[in-house]
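Lettering follows sequence order; numbering is per chain, from 1.
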There are 2 protein chains.
Amino acid sequence: MVFYSLHCRQIIERQCNASMTFFAEQAVTSGDKTFYQLRRDIVEGNIAAGSKLSETELSTKYAVSRAVIREAINRLESCNLVERKANIGARVVALTPEGLLELYQVRESLEGMAARLAAQNMSQQEIDELNQLLASHSESVQQGQNYYQEAGDVDFHYRIIIGSKNQHLINMLLNGLYHLVRMYRVQLGMAGPRVTTAFDEHKHIVQAISNRDEELAEMLMRRHILYSKNNIARKLAADNAS
Amino acid sequence: MVFYSLHCRQIIERQCNASMTFFAEQAVTSGDKTFYQLRRDIVEGNIAAGSKLSETELSTKYAVSRAVIREAINRLESCNLVERKANIGARVVALTPEGLLELYQVRESLEGMAARLAAQNMSQQEIDELNQLLASHSESVQQGQNYYQEAGDVDFHYRIIIGSKNQHLINMLLNGLYHLVRMYRVQLGMAGPRVTTAFDEHKHIVQAISNRDEELAEMLMRRHILYSKNNIARKLAADNAS
DNA sequence: CACCATTATATTGTCGACAATTTATCCATA
DNA sequence: TATGGATAAATTGTCGACAATATAATGGTG
């Protein structure tokens, strides 16, 4: 039996420690599968940013009725991945420097808060597991595996968000912002650098959480995200210039 | 032509200064009207908190097809007003002390941020209008009108949120949290006290914004919301005790 | 040639019916 | 009587068709 929403449309429970399929979501109905597939296609750029989403077209493409497409689009709207106008239709959001700025501005505040609450509310076991995760990432980095890149970073942030134990916060971040963040990262090709430095930042954050130092945890998380923003903004500016 | 969403599903533009119909939303389609009506009924308690939402039942009650009811429920889910489980159905959220705490925890952070950004981004004209609004509220309070209660407070916060100029933040607050906040307030009968003190707090916040003092604006807003939370939490605890 | 009104096409909004799943009822058995 | 499984009822999920609206094409007029 799968819980659908309110605060946690797709946060069931973590089912495996490594290589998760992003948030352990599980499709129970045809509409779910379509939604996940569509979201994936948008995030990964298979459907171009800014392009129009035709209901009839998508219904044939994904081999489902227009009704499930409409529902999927509505859910995508909640994720801030598409915009919708009445009687006109839906478009995939455009990726702009301003949008990125606003997104990371909010993310900085919310994830900073998450880190603070995590320092306050995570169980000792969760903290231990977080340290474990960090250790496994350390190995990956040393071995030069690019595994860490996306999944590792996402997983790290994911755990701290969950650790905040605030359902509203969890829902806003995981359901409302994270896929859009991924969309920016994926489509700008943010697989590259900043790995080792980001890893060190992660380490310090976990240390602060271990020490139950709320203030420091929040500050370090905010700074971590700020750096990340600067990094991606630089890339985006370079792309626009070319 | 009405814009439906992404970041601002229902923020068209302010159309009148006083006695606004909450956020100047405008229903263009049958589904819109149903959604607004349903939301209103939930917020005001005409549909009991925690009760189940039967699609067929609602479709007869509101005289529309099940499809529009389903869409309305989906949108209500985005507002955090209902929970939904696959193949089972939707329920109106329950009002609990824990939920209230989590809600205001997030609200404090986000509206604090909004105040800070407002101090940074509001135009001089917007600030002037804000001062005007405050003056009109002052009259209302002195004349003992209870006008101020809901609409006034909502309007005040509304303007500051809009003043932040961050669409993600605006959407999260106005679309994701505010109606739930209202639901708590309305159903707990929060029309009463704290008017004059809240008004003073508003005054100081506006002053900080006028001075472009971001730090102070954020701090005062956070404190303002904290007080509000304590006030409503006291009420809720009293209700549960009886 | 440009511009506006009108018509034609395409897309979204709404509806009722059927399929799949869950919940309730009933009966048999220990 | 309590429990378990099978059947029946009710609810949600999915579908195709029609209605309403927006967009594109057409033609007429200055």
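Salt bridge status for B/E126 with B/R159: absent, with no side-chain N to carboxylate O gap under 4.0 Å. The pair B/R39-B/E25 meets the salt-bridge criterion, with a side-chain N (NZ, NE, NH1 or NH2) lying under 4.0 Å from an Asp/Glu carboxylate O. Between A/E108 and A/K229 there is no salt bridge, since none of the side-chain N atoms of the basic residue sits less than 4.0 Å from a carboxylate O of the acidic one. In this structure, A/E71 pairs ionically with B/R70, as a charged nitrogen and a carboxylate oxygen lie closer than 4.0 Å. For the pair B/E57 and B/K61, the salt-bridge criterion is not met [side-chain N within less than 4.0 Å of a carboxylate O]. Between A/E55 and A/R66 there is a salt bridge, since a side-chain N of the basic residue sits under 4.0 Å from a carboxylate O of the acidic one.
Remark: P of D/dT12 and CD of B/E71 are 17 Å apart, rounded to the nearest angstrom. Between the C1' atom of C/dA10 and the CD atom of A/E57 lies a distance of 13 Å, rounded to the nearest Å. Rounded to an integer number of Å, the gap from A/F35 CZ to D/dG13 C1' is 17 Å. Rounded to whole Å, the distance from CG on A/N74 to P on C/dT12 is 13 Å. A straight line from CD1 of A/I69 to C1' of D/dT14 spans 12 Å, rounded to a whole angstrom. Remark: C1' of D/dT12 and CG of B/L53 are 13 Å apart, rounded to the nearest angstrom. Per the geometry, CD belonging to A/E83 stands 15 Å off P belonging to C/dT12, to the nearest Å. With rounding to whole Å, A/E55 atom CD is found 11 Å from C/dT14 atom P.
Residue B/R70 places at least one side-chain N or O closer than 4.0 Å to OP1 or OP2 of D/dG13. Close to C/dG13, at under 4.0 Å from its OP1 or OP2, lies a side-chain N or O of A/R84. Remark: A/T29 is not in phosphate contact with C/dA20, judged by side-chain N or O atoms under 4.0 Å from OP1 or OP2. Within the 4.0 Å cut-off from OP1 or OP2 of D/dT23, not a single side-chain nitrogen or oxygen of A/K52 is found.
When the side chain to side chain donor-acceptor pair (under 3.5 Å) test is applied to B/D128, the partners found at least two apart in sequence or on another chain are B/Q124.
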For nucleotides 15-20 of chain D, which of its nitrogen or oxygen atoms have a protein nitrogen or oxygen under 3.5 Å away, and what is each distance?
from   : atom 1 : to    : atom 2 : distance (Å)
D/dC15 : OP2    : A/S65 : N      : 2.8
D/dC15 : OP2    : A/S65 : OG     : 3.2

